[in-house]
> 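I'd like to ask you about the structure that follows.
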Protein chains: 2
Amino acid sequence: MLANQGATAKIARPTTLRESVFEAILELIIVGNLEPGQHLVENELADILGVSRQPVREALQLLSGEGWVDLRPGHGAFVHAPTVAEADQLLAVRTLLETESARLAARNSDEPGVAQLRMLCARGLAAFESDDVDGSVAANSELHAAVTALSGNQVLAELTSQVARRVRWYHTPVARQRGRASWDEHTALIDAIADGDEELAAEVMRRHTEHTRHSYLEQRAGHGEESVSAPARRRRPRAAATS
Amino acid sequence: MLANQGATAKIARPTTLRESVFEAILELIIVGNLEPGQHLVENELADILGVSRQPVREALQLLSGEGWVDLRPGHGAFVHAPTVAEADQLLAVRTLLETESARLAARNSDEPGVAQLRMLCARGLAAFESDDVDGSVAANSELHAAVTALSGNQVLAELTSQVARRVRWYHTPVARQRGRASWDEHTALIDAIADGDEELAAEVMRRHTEHTRHSYLEQRAGHGEESVSAPARRRRPRAAATS
DNA sequence: GGAATGTATGCTGTAGGCAGTCGACGACAA
DNA sequence: TTGTCGTCGACTGCCTACAGCATACATTCC
């Protein structure tokens, strides 16, 4: 028998080429190297990534399934150009899903689960106060994921994470400016979950996500842009959502 | 200038082979010709459907995206075997999404929208009373889709329709036994939407979907089966959901 | 000069084929 | 009899090639 493989268990997962391509293209979209509406020519991507067209095609279809690209039959793939209205709708759905997650999390909360939430919250707050933006962002994502996991509803958790990932693309520039308040709200949320107060947890989460939504809309209101991800173009956003 | 082309505008949409394959395999799964857990060999499907492996592969990945099949890298595709717990979670999410849809529909309802709802409801009720199961089922789906469309939230509508489609697979045998009550609830729902009573519409929809969920769970409770779609195997279910 | 048509180019959709890999089965040894 | 190893078969993942179609441009006709 081999030695402890715990550390390698995760990377031992046989990763296919199309998944790598999926991640690579998604990164290009989020970073802004690929502009909204841009035509993604399969051959070009294949050449850039050093693979054939086949895994590129499959990756593009995966991306289409999550709403990152639009697939027009006979015309190929285009980077999805989100409108302000769509972003607003997405944020509304996010609020709905996460609010329910918080409610269920309060209902099903247990000792180790709450402990993990507090740990993630402490880590995120520490990262925020030491200006570690990446760390803060990562902790935020993990915290929200942990809440949905606590809900006990796997389907809800998957849907939520998928929506949250798309949301992160949109309001990335917004979130950083309200980082401190965000972490205070996280603390209140965890308290409510620990108390098993379903209604309070739901209300706190609802207000928490709506704050982000309103910040986003206010910022967008003045611009009057149709494509909401324009400011993310061309340069790598160092900060991401902390909602 | 040519004559009126309105009738041909719709079929002009270029449908790809992989979409046809997607529909075909989905049909095989829903009908029960493909049993949960069954290994879907690409070559076999390609032979059966008279196409090459490529569109089959792409269709399987689409199916995976919607949760119909599980893709294990290096092993291929397997028909998803849903558990009772998963079906329950799915029904819970469906309730959440449709309840919000109803609330928003009441908020945004307009004259033509309500008129369409009433038309669909009348058609469905007529079909039900004349034992036209297929017609009743179709009207039911269209009615729910129309409600989500009225919500004005496209993202919510897409998510809801996707979840609803999966739900239909599970509780197909359950729904027919409460067809009449279901249509009465539909009428109450439309009234609430027409009145613009958000809370009432939401509550009616919540109770409506929860009815289905409880019926489902009660039926399942006695069986103690792990795979919930077992009863749908091997023969074509003539009736489908009217929830 | 403008419009319609022919032509060229580039991309997608699909087919066929090859190598790598996983699992099953049987032989062999303890 | 049981555990282990090697071989075989089958299937997946990926690559290359071809056909169809749409678009853009050049050409010809009115």
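Residue numbers begin at 1 in each chain, while the letters A, B, ... track the order of the sequences.
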> Could you work out which one of C:dG13, C:dC11, D:dT12 sits closest to the side chain of A:Glu44?
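Of all the options, the side chain of A:Glu44 is nearest to C:dC11.
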> Between B:Thr148 and B:Ser101, is any side-chain donor less than 3.5 angstrom from a side-chain acceptor?
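Judged by distance alone, the side chains do not pair up.
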> Can you see if the side chain of A:His39 gets near the phosphate of C:dT12 - specifically, an N or O under 4.0 Å from OP1 or OP2?
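A:His39 to C:dT12 OP1/OP2: side-chain N or O found under 4.0 Å.
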> Using the side chain to side chain donor-acceptor pair (under 3.5 Å) definition, which of the options A:Gln162, A:Arg166, A:Arg165 pairs with A:Glu66?
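It is A:Arg165, the one option of A:Gln162, A:Arg166, A:Arg165 that forms the side chain to side chain donor-acceptor pair (under 3.5 Å) with A:Glu66.
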> With a cut-off of less than 4.0 Å, is there a side-chain N or O of B:Arg57 near OP1 or OP2 of D:dG13?
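Yes, within the criterion.
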> By nearest atom, which of the nucleotides C:dT14, C:dC11, D:dG13 is closest to the B:Arg53 side chain?
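When the side chain of B:Arg53 is considered, D:dG13 is the closest of C:dT14, C:dC11, D:dG13.
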> Report yes if at least one side-chain N or O of B:His75 is closer than 4.0 Å to OP1 or OP2 of D:dC11; otherwise report no.
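Answer is no, no contact under 4.0 Å.
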> Using the side-chain heavy atoms of B:Glu42, tell me which of these nucleotides is nearest: D:dC15, D:dG13, C:dT12.
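Comparing D:dC15, D:dG13, C:dT12 against the side chain of B:Glu42, the answer is D:dG13.
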> Look at the side chain of A:Val51 and decide which nucleotide, out of D:dC15, C:dG13, C:dA15, has an atom nearest to it.
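From the listed options, D:dC15 comes nearest.
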> Between A:Ala77 and A:Gln54, which has a closest nucleotide on DNA chain C that is more 5'?
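The 5'-side residue here is A:Ala77.
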> Does atom CD of B:Gln154 have more than 12 heavy-atom neighbours, drawn from other residues, nucleotides or ligands, at distances under 6.0 Å?
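Result for CD/B:Gln154: open.
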> Look at the rings of B:His144 and B:His186 and say which category their plane angle falls in: under 30° parallel, 30 to 60° tilted, over 60° perpendicular.
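Judged by the thresholds at 30° and 60°, the geometry between B:His144 and B:His186 is perpendicular.
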